Amino acid sequence: MHIGLIGLGKMGFNMRERLRKGGIEVTGFDRNPDVTDVSSVDELIAAVPAPRLIWVMVPSGEITDAVITELGNKLDAGDLVIDGGNSRFTEDQKHAAALAAKSIRFADCGVSGGVWGLQNGYGLMAGGDAADIEYALPVFDALRPEGERADSFVHVGGVGAGHYAKMVHNGIEYGLMQAYAEGYELLAAKDIVDDLPGTFRAWQKGTVVRSWLLDLMVKALDEDPGLASIDDYVEDSGEGRWTVEEAIANAVPAPAITAALFARFSSREDNSPAMRMVSALRNQFGGHATRPAK
């Protein structure tokens, strides 16, 4: 299979490499001339055989809108566009309708794995027509970890369902990181704790709180034991807010996720060891920028 990939940033660059290692031919386009394979979207479209599969991996919002609008004006009937960024599920439905008017197919895919996906593979949550998802299975299989497909890939439902699942995934991620970070701050505040990094390291095997996030927490402490180089200002990329909005709209109580989101807001006002840890964790798994300590 030969696909086009638009967006070769932190995620897209590694995805291109993993796809190629998995036997998928990839023509990538990015505005950065140091990483792109072609100089324009037109060249990318010309390079990919019809019916084309074009994977879009750019920031959500206006940039995704612009890319999908451009593809809608240039692709042929029967081509398939997959939005693998972090778009809101309602945007997927708009994009699908606009492309369907030109007989271009559309699917969405939530992608989890951050900067470690090249090495470990990506967890994938797809939304769209069953025939379109089936057509793209070789791509999904090349991206996901080895092993049973059902352990790392799901066809969640129709258009928008994949990004809805990824939104909830990220909301859960907010809550998990906040719980680890608050535990870190509590341990750091008690003078009877002599080995703080070692405490977390001892939790990595056998305990009920072991997880990949805990492993990354230990890695962050190995690199900077007091997190002295990191400011406690923590960004939110939008999906936590969307998760809370959906919880309200559906009358689903989500106190842990909501509190974790509000903690990020408070981080922009106060000096907090817990929020330095959340910032460090976001950098560890996703390569998200941290602010230097003041």
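FYI, side chains are in, hydrogens and waters are out, and symmetry mates aren't considered; it's all heavy atoms of this structure. Keep in mind it's a predicted model, so treat the numbers as computed, not measured.
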key: Side-chain heavy-atom pair Arg276, Pro273 within 4.5 angstrom cut-off   = yes
message = Please check this pair: side chain of Ser267 against backbone of Arg264, looking for a donor-acceptor N/O pair closer than 3.5 Å.
response = yes
query = For the residue pair Asp224 and Ser229, what are the closest heavy atoms and their distance?
reply = OD2-OG, 2.6 Å
ask   = OG/Ser152 to CG/Asn120 distance, rounded to the nearest 0.5 angstrom?
value = 11.5 Å
inquiry  = Once rounded to the nearest 0.5 Å, what's the spacing between atom OG of Ser112 and atom CE of Met11?
reply    = 7.5 Å
query = How many angstroms lie between atom CZ of Phe265 and atom CG of Asp236, to the nearest 0.5 angstrom?
reply = 5.0 Å
message = Whether the side chain of Arg210 engages the backbone of Thr207 through a donor-acceptor N/O pair (distance < 3.5 Å, no angle test) should be reported.
response = yes
message = For the CG atom of Asp141 and the CE atom of Met1, what is their distance to the nearest 0.5 Å?
response = 10.5 Å
remark   = Heavy-atom nearest pair, Asp231 first then Pro292, reads CB-O, 3.4 Å
inquiry  = Any side-chain to backbone donor/acceptor pair from Arg18 onto Ala142? Under 3.5 Å, distance only.
reply    = yes
query = Between Pro51 and Tyr135, which heavy-atom pair has the shortest distance, and what is it?
reply = O-OH, 3.0 Å
remark   = Across all chains, not counting sequence neighbours, the ring-ring contact (aromatic ring centres under 6.0 Å, His included) partners of Trp203 are Phe200
inquiry  = If hydrophobic clusters are built from ILVMFWY residues whose side chains come within less than 4.5 Å, do Phe13 and Trp116 share one?
reply    = no
key: Close side-chain approach of Arg149 and Arg144, heavy atoms under 4.5 Å   = yes
By side chain to side chain contact (heavy atoms under 4.5 Å, CB included) - contacts of Val154 (at least two apart) = Met125, Val156
query = How is the hydrophobic cluster of Val252 composed, in terms of its other members, when Ile, Leu, Val, Met, Phe, Trp and Tyr link through side-chain heavy atoms under 4.5 Å apart, directly or indirectly?
reply = none
inquiry  = Suppose the criterion is salt bridge (charged side-chain N to carboxylate O under 4.0 Å, His left out): which pairs have a residue in residues 80-99, not counting sequence neighbours?
reply    = Arg88-Glu245, Glu91-Lys94
ask   = CD1 of Ile257 to CG of Leu176: how many Å apart, nearest 0.5 Å?
value = 9.0 Å
task = Quick one: name the residues clustered hydrophobically with Leu118, using the 4.5 Å side-chain heavy-atom rule over I, L, V, M, F, W, Y, and just say none if it's on its own.
result = none
message = Run Leu44 and Ile54 through side-chain contact (heavy atoms from CB on, under 4.5 Å) and show every step you take.
response = CA-CA 9 Å; Leu44 179 141; Ile54 309 296; 3.6 Å; yes
query = Under a single-linkage definition using a 4.5 Å side-chain heavy-atom cutoff for Ile, Leu, Val, Met, Phe, Trp and Tyr, are Val111 and Trp212 assigned to the same hydrophobic cluster?
reply = no
request  = I would like to know whether Leu71 and Ile104 meet side-chain contact (heavy atoms from CB on, under 4.5 Å); could you show each step before the answer?
outcome  = CA-CA 9 Å; Leu71 290 173; Ile104 299 169; over 6 Å; no
remark   = When every non-hydrogen atom of His95 is compared with those of Asp65, the smallest separation belongs to NE2-OD1, 2.7 Å
key: Within residues 142-190 or reaching into it, pairs that qualify as ring-ring contact (aromatic ring centres under 6.0 Å, His included) - sequence neighbours excluded   = Phe89-Tyr164, Phe140-Phe153
query = Looking at side-chain heavy atoms only, is the closest gap between Asn32 and Leu8 below 4.5 Å?
reply = no
note = Smallest heavy-atom separation, Gly9 atom then Asp30 atom, equals N-OD2, 4.0 Å
By side-chain hydrogen bond (donor to acceptor under 3.5 Å, both in side chains) - contacts of Asn73 (at least two apart) = Lys102
query = Applying the 4.5 Å side-chain criterion to the ILVMFWY set and letting contacts propagate, would Ile172 and Val209 be lumped into a single cluster?
reply = yes
key: Residue pairs, two or more places apart or on separate chains, that pass salt bridge (charged side-chain N to carboxylate O under 4.0 Å, His left out) and touch residues 154-172   = Lys166-Glu239
ask   = Looking at CH2 of Trp242 and OG of Ser60, how far apart are the two atoms once the value is rounded to the nearest 0.5 Å?
value = 4.5 Å
key: Any Leu53 side-chain heavy atom under 4.5 Å of Val48 side chain   = no
ask   = Are Val81 and Ile133 connected in a single hydrophobic cluster, I mean Ile/Leu/Val/Met/Phe/Trp/Tyr linked by side-chain heavy atoms less than 4.5 Å apart?
value = no
query = Between Ala247 and Ala254, what is the shortest heavy-atom contact and its length?
reply = CB-CB, 3.9 Å
CA sep, side-chain torsions, deciding dist, call: Leu80, Leu75, side-chain contact (heavy atoms from CB on, under 4.5 Å) = CA-CA 9 Å; Leu80 171 62; Leu75 291 177; over 6 Å; no
request  = Would you please name every residue forming a side chain to side chain contact (heavy atoms under 4.5 Å, CB included) with Glu182, sequence neighbours left out?
outcome  = Gln178
inquiry  = Determine whether Leu221 and Met277 satisfy the following criterion, side-chain contact (heavy atoms from CB on, under 4.5 Å), listing intermediate values before the conclusion.
reply    = CA-CA 9 Å; Leu221 289 171; Met277 178 53 75; 3.8 Å; yes
inquiry  = Test of understanding: clusters of I, L, V, M, F, W, Y form through side-chain heavy atoms closer than 4.5 Å, transitively. Do Leu5 and Leu137 belong to the same one?
reply    = yes
query = How about Glu235 and His288: do any of their side-chain heavy atoms sit closer than 4.5 Å?
reply = no
Qualifying residues under side chain to side chain contact (heavy atoms under 4.5 Å, CB included), relative to Ala220, sequence neighbours excluded = Ala280, Gln284
query = If we only count heavy atoms from C-beta on, is the Leu124 to Leu143 side-chain gap below 4.5 Å?
reply = yes
Sequence neighbours excluded, every pair satisfying salt bridge (charged side-chain N to carboxylate O under 4.0 Å, His left out) that has a member inside residues 35-63 = Arg16-Asp37, Arg20-Asp37, Asp42-Lys74, Arg52-Asp76, Arg52-Asp79
query = Can you find a heavy atom in the side chain of Thr243 that is under 4.5 Å from one in the side chain of Asn170?
reply = no
task = Return each pair, listed once, that meets salt bridge (charged side-chain N to carboxylate O under 4.0 Å, His left out) where at least one residue sits in residues 121-139; pairs must be two or more places apart or across chains.
result = Arg105-Asp132
